[in-house]
Student: 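Structure in structure tokens, see below.
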There are 2 protein chains.
Amino acid sequence: MLEIADKYGLTLREALVLQHVIRQYIATANPVGSRTVSKQLHLNLSPATIRNIMADLEDKGLLGHPHTSAGRVPTDKGYRCYVDTLMQGMRPKEEDVAFIETRLEDEQFTTIEDVIRKCTHILSAISHQLALVSVPLIGNGRLEHIELVPVSSSRVMVILSIMSGIIKSIVFEVDSEIPRHVLQELASALNERLGGLTLREIRETLPDRIRDTSIDAPSIVELIIKASDRLFSDELDEDRVYIDGVGEVTQHPEFSDPVRLRRIIELVENRNIIIHVLDSVGDSRDVTIRIGSEFEDSALQEYSMIAAPYAVGSAAGRISIIGPRRMDYDRLIPIVDYIATYLSNAH
Amino acid sequence: MLEIADKYGLTLREALVLQHVIRQYIATANPVGSRTVSKQLHLNLSPATIRNIMADLEDKGLLGHPHTSAGRVPTDKGYRCYVDTLMQGMRPKEEDVAFIETRLEDEQFTTIEDVIRKCTHILSAISHQLALVSVPLIGNGRLEHIELVPVSSSRVMVILSIMSGIIKSIVFEVDSEIPRHVLQELASALNERLGGLTLREIRETLPDRIRDTSIDAPSIVELIIKASDRLFSDELDEDRVYIDGVGEVTQHPEFSDPVRLRRIIELVENRNIIIHVLDSVGDSRDVTIRIGSEFEDSALQEYSMIAAPYAVGSAAGRISIIGPRRMDYDRLIPIVDYIATYLSNAH
DNA sequence: GGTAGCACTCGATGCACGGGAGTGCTAATT
DNA sequence: AATTAGCACTCCCGTGCATCGAGTGCTACC
């Protein structure tokens, strides 16, 4: 630990104290005083010595205190240091794995959306944080099969099967009834010409690929071309992201302040900020952690996020939890990772 | 007004005072004192007289005060009396109609779910209350057309067109790949035998109607029969109800108390209570109003609800708003009614 | 019946006070 | 030179207390 921690220029003792203060604060939500640390950390150091160490840590920007004569509280930088170097255990706890498994066991999923919804719920329940899972963007998914089905005199349902089992269905309006055999003819033409392409490719080149068909109903072809941005869009579901756990996360003491409570409700109702921050997570295969001031958006300065990408075939989504910065990183990071892996393998 | 109000045994003057207290309390959220009423109600009565009247109203259970020496506050019975007899104007305000119209105008809806979702949102925005709209139960809807589409080697999508334009699609799992022509054969058999029946009829009599088909893949027939409860269920969408406006409703001063705020969040996350109360609204064509203690469920004792049924063809759903009992009934009842009517005509 | 007056109640507000937890500094100790 | 003990100081927070204002209920009077 020493070697790593000294990236931040910390002595072993400083690192131990910082670690303990952060753990303590995460557990109790109260500023941590020198006396407590001195007693609980068995280094036989008096409170006074601890105070000196804590003062040093404060100089380095890792701890702060809300006011003179309160205990110490980690700063964003302190949490960052903790997450980068002082944390331990990158494996989910057995009991947590068991919890997840039992919740998933006797479920029958038929669509990927069901799985995602369930995972969002489990994630919020186990973490007591806000759980966010973005629906996978399917622009990179390859079209396996397309089907056109008349559902009423003026509407046609388009069903896209995408490789690795995702199904997207869209209803779209047509001017007049299209005979079934025309739809079938069109569908097989589309299958022939578009099968195996990614949706993005289809979107970009659709006109070139189908204008010259010999279908005797050019109007429907035009309609499809016109609607192609919607039909072959990246979005599987108009709800771009599933959210769960408002009730869970608001149990934390930081939300006994009604202003904060109000704020997080608005955050959730708005969705835009959340969708944006989920998108902003890079494509790295790893778990991404963002703490307070590390967010671009000022509305999120009081929160932390743990996010991980998952992939269903070549469609990629993100899963994350958001909650107070005082978050049990040790336990939650492996959990997010675990569920992301589950999602990637579930089909 | 007198004639009606005296169902409650009220004199004209009492009725006027009650009406004014309730309006005032709805507008300001503060207990209403005798002085205010005396000044604002131009009956040339002194505060002392008003006090006597209010004391009488209190004896009749229509008003109360939170503590000695606070102003008066309506009781549930007071609100009930107001709603039954003292309210006026059953027509939505022009500005509200305009608001709704502009929100709906340039929308392109292709499915009934879209319309419902949009209406839920508009309703919460215009009322500043929690808006709840239940997805229509389609058990009484008549099957117009059924379509079976293979979407992967082991899954089949069933698409039900229900008269009046509702479409329900369900994906279900099959053991092994079913050849397309078998599905088509089965679909036309189903269309022939089930077309025109209500989903409820189909659910109840499906085995009798299709067991004797000559389809050469009896396994799929069995599967359909086994899945029939799900395929032909009353539910259009697994989310039985759309909810919007948590942010809106929590702006009301009653939610500055964090306990109440917490409670309503839990109410929304739970959904069960809400679904149940929406179901409990009778089938009356009219707007139903429920106030505080009139709810069976104790979790709703602090709220009021305005609910109205709507119908899409023969599928019926309910639309409602829930918020503090201190609700602007005059304005909101016509609005709920208006949107219910819109929903019933929107297809 | 309506009104004026008055004592009373109760919540909200502001303030002083004291205890408790914790800090920072200095001087003494090892 | 590092550690520790001691001490003055700071700040939060709960409590008690006096005050104020809105509003009531009652009684006596018009």
Side-chain angles (χ1 to χ4, degrees), chain A residues 10-18 20-22 24-25 27-75 78 253-254 256-258, chain B residues 9-18 20-22 24-25 27-75 78 253-254 256-259:
Chain A
L10 297 181
T11 65
L12 174 57
R13 271 201 341 203
E14 284 172 337
L16 284 170
V17 170
L18 178 60
H20 190 259
V21 169
I22 291 180
Q24 197 62 23
Y25 183 66
T28 65
N30 290 316
V32 184
S34 53
R35 173 184 268 281
T36 334
V37 177
S38 160
K39 256 187 284 182
Q40 295 179 340
L41 204 60
H42 303 104
L43 295 174
N44 292 320
L45 293 177
S46 76
T49 313
I50 299 292
R51 280 206 286 282
N52 289 329
I53 300 175
M54 297 208 294
D56 293 345
L57 287 169
E58 193 167 347
D59 290 341
K60 290 175 179 150
L62 299 165
L63 292 180
H65 39 37
H67 54 86
T68 348
S69 120
R72 295 313 208 284
V73 162
T75 61
E254 7 283 281
S256 52
D257 174 0
Chain B
L10 297 181
T11 64
L12 175 56
R13 270 199 343 201
E14 286 172 336
L16 284 171
V17 170
L18 178 60
H20 190 258
V21 169
I22 292 181
Q24 196 62 24
Y25 183 66
T28 65
N30 290 318
V32 185
S34 52
R35 173 185 268 283
T36 335
V37 178
S38 161
K39 256 188 284 182
Q40 294 178 339
L41 203 59
H42 303 105
L43 295 174
N44 292 321
L45 294 177
S46 76
T49 312
I50 299 292
R51 279 206 285 283
N52 289 330
I53 300 175
M54 296 209 293
D56 293 344
L57 287 169
E58 192 167 346
D59 289 342
K60 290 175 179 151
L62 298 165
L63 291 181
H65 39 40
H67 54 86
T68 349
S69 120
R72 294 314 207 285
V73 163
T75 61
E254 7 284 278
S256 52
D257 174 0
V259 179

Student: In the structure I gave you, are the side-chain heavy atoms of B/V21 and B/M54 within less than 4.5 Å of one another anywhere?
Tutor: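 Heavy-atom side-chain distance check passes, below 4.5 Å.
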
Student: Rounded to whole Å, how long is the line connecting atom CD1 of B/I50 with atom P of D/dA22?
Tutor: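 Roughly 18 Å, once rounded to whole Å.
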
Student: Kindly give the heavy-atom pair with the smallest separation between B/P66 and B/G71, and that separation in Å.
Tutor: CD-O, 3.6 Å

Student: Would the number of heavy atoms belonging to other residues, nucleotides or ligands and lying under 6.0 Å from CG of A/N44 be above 12?
Tutor: no

Student: How would you list, by chain and number, every residue that makes a side-chain contact (heavy atoms from CB on, under 4.5 Å) with B/S256, sequence neighbours excluded?
Tutor: none

Student: Can you confirm whether B/Q24 sits close enough to B/T28 that some side-chain heavy atom of one is under 4.5 Å from a side-chain heavy atom of the other?
Tutor: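 Heavy-atom side-chain distance check passes, below 4.5 Å.
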
Student: Please report, rounded to the nearest Å, how far the P atom of C/dG1 is from the CG atom of B/D56.
Tutor: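 From B/D56 CG to C/dG1 P: 11 Å.
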
Student: Can you tell me if A/T49 uses its side chain to pair, donor with acceptor, with the backbone of A/L45 under 3.5 Å?
Tutor: no

Student: What pair of heavy atoms forms the shortest contact from A/I22 to A/G78, and how long is it?
Tutor: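 Result for this residue pair: CD1-O, 3.4 Å.
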
Student: I'd like to know if the side chain of A/T75 and the backbone of A/G61 have a donor-acceptor N/O pair within less than 3.5 Å.
Tutor: yes

Student: To the nearest Å, how far apart are B/L43 CG and C/dG1 P?
Tutor: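 Distance, rounded to whole Å: 18 Å.
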
Student: Nearest to the side chain of A/R13, heavy atoms from C-beta on, is which of D/dG25, D/dT3, C/dG24?
Tutor: D/dT3

Student: Taking only nitrogen or oxygen atoms into account, show me every contact under 3.5 Å that the protein makes with nucleotides 3-6 of chain C, one pair per line with its distance.
Tutor:
residue	atom	partner	partner atom	Å
C/dT3	OP1	B/N44	O	3.4
C/dT3	OP2	B/S46	N	3.3
C/dT3	OP2	B/T49	OG1	2.4
C/dG5	O6	B/R51	NH2	3.3

Student: What is the distance, to the nearest angstrom, from the CE atom on B/M54 to the P atom on D/dC26?
Tutor: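 For the pair B/M54 CE and D/dC26 P, the rounded distance is 14 Å.
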
Student: Which residues, if any, of residues 62-72 of chain B bring a heavy atom under 4.0 Å of DNA chain C?
Tutor: B/H67, B/T68, B/S69

Student: My understanding is that only residues two or more places apart in sequence, or in another chain, count here; which of them pass side chain to side chain donor-acceptor pair (under 3.5 Å) with A/H20?
Tutor: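 Per chain and number, A/H20 pairs via side chain to side chain donor-acceptor pair (under 3.5 Å) with A/Q40.
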
Student: Starting at CG of B/N30 and ending at C1' of C/dG11, how long is that distance when rounded to a whole Å?
Tutor: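 So the two atoms are 13 Å apart, to the nearest Å.
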
Student: Kindly give the heavy-atom pair with the smallest separation between B/P74 and B/Y25, and that separation in Å.
Tutor: CD-CD2, 3.4 Å

Student: C/dG2 C1' sits how many Å from B/I53 CD1, rounded?
Tutor: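 These atoms are roughly 10 Å apart.
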
Student: Could you tell me which non-hydrogen atom of A/E58 sits nearest to which non-hydrogen atom of A/L63, and how far apart they are?
Tutor: CG-O, 3.4 Å

Student: Of all the heavy-atom pairs spanning A/V32 and A/V37, show the shortest one and how long it is.
Tutor: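 Heavy-atom minimum between the residues: CG1-CG2, 3.6 Å.
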
Student: Whole-Å distance between D/dT3 P and A/L41 CG?
Tutor: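 Computing the A/L41:CG to D/dT3:P distance gives 14 Å.
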
Student: Quick one: bend of the helix from C/dG1-D/dC30 to C/dT30-D/dA1 from 5 pairs per end, to 10°?
Tutor: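 One end's axis against the other's: 10°.
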
Student: Which heavy atom of A/S34 sits nearest a heavy atom of A/P47, and at what distance?
Tutor: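 Reported closest heavy-atom pair: CB-O, 3.5 Å.
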
Student: Identify the pairs formed between an N or O of the protein and an N or O of nucleotides 28-30 of chain C at a distance under 3.5 Å, and give each distance.
Tutor:
none

Student: In whole Å, I'd like the distance from the OH atom of A/Y25 to the P atom of C/dA21.
Tutor: 19 Å

Student: Any side-chain heavy atom of B/K60 within less than 4.5 Å of one from B/L10?
Tutor: yes

